[in-house]
Every structure is written in C-alpha cells, then in structure tokens.
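Values below: every heavy atom of this structure, side chains too, minus hydrogens, waters and symmetry copies.
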Amino acid sequence: MTGMSRARVARRIAAGAAYGGGGIGLAGAAAMGLLLAEVQLARRHVSNGSTPHVPNAEGRYGHGYDIPGEPPLRLTMLGDSTAAGQGVHRAGQTPGALLASGLAAVAERPVELRNVALPGARSDDLDRQVSLALADGSRVPDICVIMIGANDVTHRVPPTRSVRCLSAAVRRLRTAGAEVVVGTCPDLGTIEPVQQPLRWLARRASRQLAAAQTIGVVEQGGRTVSLGDLLGPEFAENPRELFGPDHYHPSAEGYATAAMAVLPTVCAALGLWPEEERPDVTRREGFLPVAKAAVEAASEAGTEVTAAMPTGPRGPWALLKRRRRRRLPVSEPEAATPSG
C-alpha cells in the first residue's frame, strides 16, 4: 500500500469517526478470524507469565524544586496497561513516574502525578477515565498523557469507534484547559508470542489505527507521538532486554525508551522545550497535510505531529517533528510523596 493510499485510509477512518460512520474493515473476515484465534493463543501465553499487579506511582516528584506558594505541575496518565505501567514491579519503573521525574527536572518545578489508566482498557473507557481526571474542577491537570489502542486492535473494535472515543476524550480535556499528548497505538506485529500471518495483520491494523488516531487528536488540539519503538524495531532486536517477563508488556528498559520518546513533546506542549524557528529539513521535518503527516509518523517511532495552519489545498495541515532522542539509562526516579 502506497503512502498516498495509506493517507486515504487514515482520512476515511477519521472522517467516519467524526461523522458517525461505520467501521472500516482492516482485512477480510476470514483473515480477521485467524487474527482473533491467534490473539487468544498469545493472550494465554501472556497470562502465564504476567501478574495483574500494577505499582502505584501516584504522588509528588521533584521535591528539590519546591518553592513556597508555587503549586506543582499536574500530570495525569490515561489509557491502558502501557500507561498504567503493567509488567514492572516498582513504581519508579512505570512510564508515569519516569515522565513526572523528567518533567520536574526540565521545568524545575515539582510534578504531581495521577494515574487513572486501566490495564485492558479500550478507547471506549476513556470517557470514564476523563471524568475521573476532571472530577475536581480546582485541580485540572496541566498535561495529560494518553496511551491507548492496542486492545482496540486485538478486540477488533472498529477503528472509527476507537478514534471517535479518543477524539472526544481529547476534546473534553482540552476544553477543560489541559494540554494533551497521545502516544498512538504501538506496533503489535513484534509481540513475541505472535506468529505469521498475525504479525503482518497486526502491524497493518496498528499503523492504520495510529495514523487515524493522529488525525483525530490533532484536529482536537492535541499532539501525538508515535510509539512504534514501544513494541517495534528496538523490541525486535532486543526482545529479552526490552520485553518484560510476560513477553507482551514492556520491561523497565522498554518503558524508559517509551517515556523518553514522549517526554520532549510533553515539555513542548507546556512551553518548556526549546523550539527551532523552522522545521529541520535535514531531519525530514516540515508542514504536511495532516493525513500524510499521520501516516509518516505511524511508520517511524518517536515522531511528533501537532496542528499547524488551519487549512491547506488538501485540508488541515500539521507540523511533523522528529525530536532528538538519547537512550536513557534505566535509573528509577526518586520515590514519590503520596498525594494527600
């Protein structure tokens, strides 16, 4: 499938989400039946090595930056097991703790972390999670990070419905005054228990959903970061290092890799990251129609997409950025002070 046709598919999914259209099939019914059967086998393999326990990382990070009278930044994690941090044993290894600690260091302000993500969640659970995040009107998050989509693919949720739910969540959070960064659907084609032809189908479905998610999120004023590396090339090359004991959820090193991909965009959304005056053409950055930017981002992990000029010859445009990333050592942040 060419880049142009992938962009058309992403636009159709996003348009269906916006206007209430039905689901768009990602593959034939027989192929999807095989996909479901192999997913069930993979899930059984995963459940044999996994524990449902998720470390509680909520609390305040960056104690050394406390200034009397200055409130902490508020960071809220939403989404599925990836956002929750399932697969690691200590709170400091979760993506929420890593992001909170990194954000505190960049902002030189304490960060209060809240996590309403739910392992196993699909996009239709985001409405409930957003309600939890916004329950206290006096404590609206400054920044929300959403990681969602993998369970939508494995449960055959129509992509239009997935994108509709995600877009609605982003709209509610933005309307409340929160910045929003979405880690789009990771590449499920590299999960160790998964065999061909499921790998090809899972990769195709994952990237289609990730591209459509990007269109929906950008249209609602959020930013996206491709999480292909979360279950992508680095995992394929170093599966024992980057996968956790269940060979499905990331290890501590894997979560550090994902957190490092998201952190620059989180900081940029809050005005804390130095921005170049113009895109770096040597890094293939630039202004593109949002659907084309979405497809490019879905195929390369760590790529950020944010809204740009409101319209162009082929609809809304977006800015595609490939922020420089360095591999983080797996060092746990300081222990959080529990929220009061």
Side-chain angles (χ1 to χ4, degrees), residues 54-79 83-85 88-118 128-147 169-183 221-223 225 252 255-256 258-276 304 306 323-326 328-340:
V54 177
N56 181 8
E58 291 191 331
R60 183 176 294 205
Y61 293 79
H63 305 289
Y65 303 112
D66 274 316
I67 299 176
E70 184 174 359
L73 289 171
R74 297 190 181 98
L75 164 65
T76 298
M77 302 291 295
L78 305 92
V88 294
H89 299 291
R90 292 190 291 276
Q93 298 171 326
T94 63
L98 293 166
L99 285 172
S101 181
L103 177 58
V106 173
E108 297 186 344
R109 284 178 63 182
V111 173
E112 183 179 298
L113 172 65
R114 190 175 181 209
N115 198 323
V116 298
L118 178 69
R128 180 191 65 83
Q129 294 183 26
V130 170
S131 294
L132 289 173
L134 301 179
D136 186 347
S138 66
R139 299 169 66 85
V140 173
D142 295 290
I143 182 82
C144 292
V145 175
I146 304 174
M147 297 179 178
V170 174
R171 182 168 58 249
R172 287 181 63 192
L173 292 168
R174 294 290 291 128
T175 300
E179 297 291 339
V180 181
V181 174
V182 174
R223 302 184 185 216
V225 179
Y255 277 130
M260 184 179 57
V262 173
L263 180 60
T265 300
V266 167
C267 295
L270 292 171
L272 301 170
W273 201 260
E275 297 281 2
E276 299 292 336
E304 174 190 319
T306 188
R323 298 190 182 276
R324 290 179 174 84
R325 295 185 294 150
R326 298 182 304 275
L328 287 175
V330 185
S331 56
E332 292 184 35
E334 59 177 305
T337 299
S339 302

### Query
What pairs with A100 under side chain to side chain contact (heavy atoms under 4.5 Å, CB included), at least two apart in sequence or on another chain?
Y61, L75, V111, L113
### Query
side chain to side chain contact (heavy atoms under 4.5 Å, CB included) with P110: which residues, sequence neighbours excluded?
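Listed in chain order: R60, Y65, D66, P72.
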### Message
Taking salt bridge (charged side-chain N to carboxylate O under 4.0 Å, His left out) as the definition, give me every residue that meets it alongside R74, ordered by chain and number, with sequence neighbours left out.
### Response
none
### Those residues that, when tested against R109, pass salt bridge (charged side-chain N to carboxylate O under 4.0 Å, His left out) (two or more places apart)
E70
#### Entry: Exam field: side chain T94 to backbone A91, donor-acceptor pair closer than 3.5 Å
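Flag set: sc T94 to bb A91 pair under 3.5 Å.
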Rounded to the nearest 0.5 Å, what separation is found between the [atom1] atom of [X] and the [atom2] atom of [Y]?
| X | Y | atom1 | atom2 | result |
| --- | --- | --- | --- | --- |
| R223 | T306 | CZ | OG1 | 4.0 Å |
| C267 | E179 | SG | CD | 12.5 Å |
| R139 | E112 | CZ | CD | 4.0 Å |
| R172 | Q129 | CZ | CD | 11.0 Å |

### Message
With side chain to side chain contact (heavy atoms under 4.5 Å, CB included) as the test, pick out the partner of I143 among T265, L272, T76, V181.
### Response
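Among T265, L272, T76, V181, the one that satisfies the side chain to side chain contact (heavy atoms under 4.5 Å, CB included) with I143 is V181.
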Quick one: side-chain hydrogen bond (donor to acceptor under 3.5 Å, both in side chains) partners of [X], sequence neighbours excluded?
| X | value |
| --- | --- |
| T175 | none |
| N56 | none |
| R174 | none |

Between [X] and [Y], which heavy-atom pair has the shortest distance, and what is it?
| X | Y | answer |
| --- | --- | --- |
| G62 | A104 | CA-CB, 3.9 Å |
| L98 | Q93 | CD1-O, 3.8 Å |
| P141 | L134 | CD-CD2, 4.0 Å |
| A117 | A83 | CB-CB, 3.6 Å |
| P95 | M147 | CB-CE, 4.5 Å |
| L270 | D142 | CD2-O, 3.8 Å |

